[in-house]
Amino acid sequence: MNLTRDVYDLLVIGGGINGAGIAADAAGRGLSVVLCEMSDLGSATSSNSSKLIHGGLRYLEYYEFRLVREALAEREVLLKNAPHIIWPLRFRLPHRPHLRPAWMIRAGLFLYDNLAKRATLPASKSLKFGAESVLKPAMTRGFEYSDGWVDDARLVVLNALAAQDKEATIKTRTRCISARRTDQLWNITLLDTLTGNTEVLKSRSIVNAAGPWVSSLFKDAMGSEPPRQVRLVKGSHIIVPRIHDEPEAYILQNEDGRIVFVIPYEDRFSLIGTTDQEYVGDPARVAIDQGEIDYLIEVTNQHFRRQINAADVVRTYSGVRPLLDDNAGSAQAVTRDYTFEVDAPGNQAPLISIFGGKITTYRKLSEAAVDKLCEHFPDSKPKWTADARLPGGDFESQPALQEELARRYPWLPNQLITRYVRTYGTLCYRLLKDMSSLSEMGTDFGAGLYEAEVRYLVDHEWAITVEDILWRRTKRGLYMTESDTDRLTAYINHHCDDREKLSVNQ
């Protein structure tokens, strides 16, 4: 989308969850907003999480009470505002007495239940594991509590759509290569990474939400030193065929103090992670190593009857969390809290830089950052996101929307209806439009990924590459063969020439 103004109120640098959330919040308060993202929306940290909306039970051990309280309260807000991509999930914690005594876990769960109001989620409880348990026989006791599941990459896209609905301009594959203050404005140069073309704009303010690149952006684009540093912590995950058929997730304690989640994933799989390791290097090159794979397999096999090995791993992913460097001794002890630095000397154009944070608190972070920003925009509108459904979330319940789709499109297979509701919510009406048969949806590239869905994602959700479509907008890549992917690649190359004949495998 081309720029249409001589001067914008705000440039947001970074299309992860914090950048997209800030763009949506600011646009909804009446600011003219541009967001630039050097790759795809949510393509770094924000799509490589454990995919949980949670208070962070283990953060209580580090006395992060304010963060946990805020995250628990936000859990309820997000469950209400994004019911298509966020839903409740029960977690089971097997008790291992030599790691943490039962009284400590009970105390932690009592706090977890009561630090913030629970409107919808049930309280924690103690469990006894019997002969039918999926756990090893030695594990006879445990605990169960509530948190939430989220499709993290789609959460970013929905916030970008919300921003666009409020007239923000979203520019992906666009890097900020220069930003300098002149005459109470920012003079900014943006580079289109696909075409090599540059574009110049002026903005009254900037938010640096570049995630792992938040500190390096100062040197690379602004020619100055960063006010703070981030500590990069790598979190890696493996995906294996479903370990058990129970609907609950498991949270596993390990002797080294770390915890590992085993989460039901995309119907047929289990998602296992994370590793929490220090990371030094280019965040764009982060990848799992064999030691991490072995670690996740070992912790899982210590707990479950069904054993797994490296041959069971169908996919891995790694992300770098840009955590605020608080000089903590270990990677898992580094605070997940956030802060932002405001630089607005004299009458100069303000710069707000975001350090740290977690997916669950993105909305509160965004709201707080825009509150601070709006001190420079006295005519801005009030805060609004706490009660605003994200695009596609305007429905009563998933079952109710599934029934409505089945009535309106009786030819749609039930499996496709379920996936559409959990991916798009009511946005699927844009995808389906006035279609009256499955054949009208065009080619099935595999795993129920039809041409109509691909076109929707390219035309309306900034998808450009096969990676964008198969692993961030959908998770169909888990089910598609190499030949399926090749057919999709050929289709995009042939039909999406308006995307500058890009390499869809980048």
Side-chain angles (χ1 to χ4, degrees), residues 5 7-37 41-42 46 66-67 70-71 73-74 77-78 80-82 155-171 176 179 184-186 188 201-211 214 217 227-228 322 324 337-344 347-391 393:
R5 294 173 179 264
V7 180
Y8 285 83
D9 292 328
L10 171 63
L11 170 72
V12 178
I13 302 172
I17 187 56
N18 290 335
I22 288 167
D25 191 310
R29 299 204 210 185
L31 275 61
S32 55
V33 177
V34 178
L35 179 147
C36 70
E37 160 56 45
L41 294 169
S46 295
R66 189 211 63 78
L67 173 63
E70 181 175 86
E74 278 300 289
V77 173
L78 298 180
K80 176 189 67 178
N81 288 344
L155 185 65
V156 179
V157 170
L158 294 183
N159 273 274
L161 284 171
Q164 183 174 257
D165 288 346
K166 300 290 185 179
E167 300 186 356
T169 299
I170 308 298
K171 297 180 73 68
C176 176
Q184 286 77 53
L185 292 173
W186 283 101
I188 299 148
L201 73 145
K202 296 180 185 296
S203 179
R204 296 182 178 90
S205 63
I206 290 178
V207 167
N208 174 3
V214 62
L217 183 73
R228 290 180 181 243
L324 181 66
D337 211 344
Y338 61 81
T339 189
F340 46 86
E341 291 286 326
V342 181
D343 178 40
N347 292 322
Q348 295 188 54
L351 165 67
I352 296 181
S353 300
I354 309 299
F355 294 87
K358 59 200 293 283
I359 283 180
T360 307
T361 53
Y362 89 88
R363 193 201 64 82
K364 286 293 287 186
L365 180 156
S366 301
E367 188 175 75
V370 178
D371 281 348
K372 181 61 67 173
L373 188 67
C374 285
E375 293 176 8
H376 301 271
F377 296 93
D379 295 331
S380 59
K381 299 175 184 177
K383 60 185 70 176
W384 63 281
T385 58
D387 298 313
R389 298 284 181 112
L390 285 173

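- Atom CD1 of Ile354 is separated from atom CD1 of Ile13 by 11.5 Å, given to the nearest 0.5 angstrom.
- In this view, Ala71 and Lys358, Thr360, Thr361 satisfy the side chain to side chain contact (heavy atoms under 4.5 Å, CB included) rule, not counting sequence neighbours.
- Considering Asp343, Val12, Val214 as possible partners of Asn208, the one that fulfils the side chain to side chain contact (heavy atoms under 4.5 Å, CB included) test is Val214.
- At least one side-chain heavy atom of Leu351 sits less than 4.5 Å from a side-chain heavy atom of Trp186.
- For Glu37 against Gly15, the heavy-atom pair with the smallest separation is OE1-N, 2.7 Å.
- Within the model, atoms OG of Ser205 and CD1 of Ile352 stand 7.5 Å from one another, a figure rounded to the nearest 0.5 Å.
- Between Trp384 and Ala24, the shortest heavy-atom distance links the atoms CZ2-O, 3.1 Å.
- Side-chain N or O atoms of Asn159 include none that pairs as donor or acceptor with a backbone N or O of Leu161 at under 3.5 Å.
- Applying the salt bridge (Lys or Arg N to Asp or Glu O under 4.0 Å) definition to pairs two or more places apart or across chains, those involving residues 13-26 are Asp25-Arg29.
- Between the side chain of Asn81 and the main chain of Gly393, no donor-acceptor pair closer than 3.5 Å is present.
- Annotation: side chain of Leu373 is in contact with side chain of Leu31 (closest heavy-atom distance under 4.5 Å).
- Across Ala27 and Val33, no two heavy atoms sit closer than the pair N-CG2, 3.8 Å.
- Ser203 is linked by a side-chain hydrogen bond (donor to acceptor under 3.5 Å, both in side chains) to nothing, counting only residues two or more places apart in sequence or in another chain.
- Residue pairs meeting the salt bridge (Lys or Arg N to Asp or Glu O under 4.0 Å) criterion with at least one partner in residues 7-21, sequence neighbours excluded, are Asp9-Arg204.
- For the atom pair Leu201 CG and Ile188 CD1, the distance stands at 4.5 Å (nearest 0.5 Å).
- The side-chain hydrogen bond (donor to acceptor under 3.5 Å, both in side chains) check on Glu367 picks up Arg363, with sequence neighbours excluded.
- Residues passing the side-chain hydrogen bond (donor to acceptor under 3.5 Å, both in side chains) test with Lys202, sequence neighbours excluded: Asn187.
- Remark: Glu341 pairs with Arg228 by the side-chain hydrogen bond (donor to acceptor under 3.5 Å, both in side chains) rule, at least two apart or across chains.
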Side-chain polar contacts of residues 16-23 - donor-acceptor pairs under 3.5 angstrom, sequence neighbours left out - could you list them?
none

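- Rounding to the nearest 0.5 Å gives a distance of 7.0 Å between CD1 of Ile170 and CG of Leu41.
- Listed by first and then second residue, the salt bridge (Lys or Arg N to Asp or Glu O under 4.0 Å) pairs that reach into residues 372-386 are Asp371-Lys383, Lys372-Glu375, sequence neighbours excluded.
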Audit row: Leu10, Val34, side chain to side chain contact (heavy atoms under 4.5 Å, CB included) steps and yes/no
CA-CA 6 Å; Leu10 171 63; Val34 178; over 6 Å; no

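- One finds the OH atom of Tyr362 at 7.5 Å from the OG1 atom of Thr385 (value rounded to the nearest 0.5 Å).
- Sorted by first and then second residue, the salt bridge (Lys or Arg N to Asp or Glu O under 4.0 Å) pairs with a member in residues 159-168 form an empty list; sequence neighbours excluded.
- With rounding to the nearest 0.5 angstrom, the CG atom of Leu11 is 5.5 Å from the CD1 atom of Ile206.
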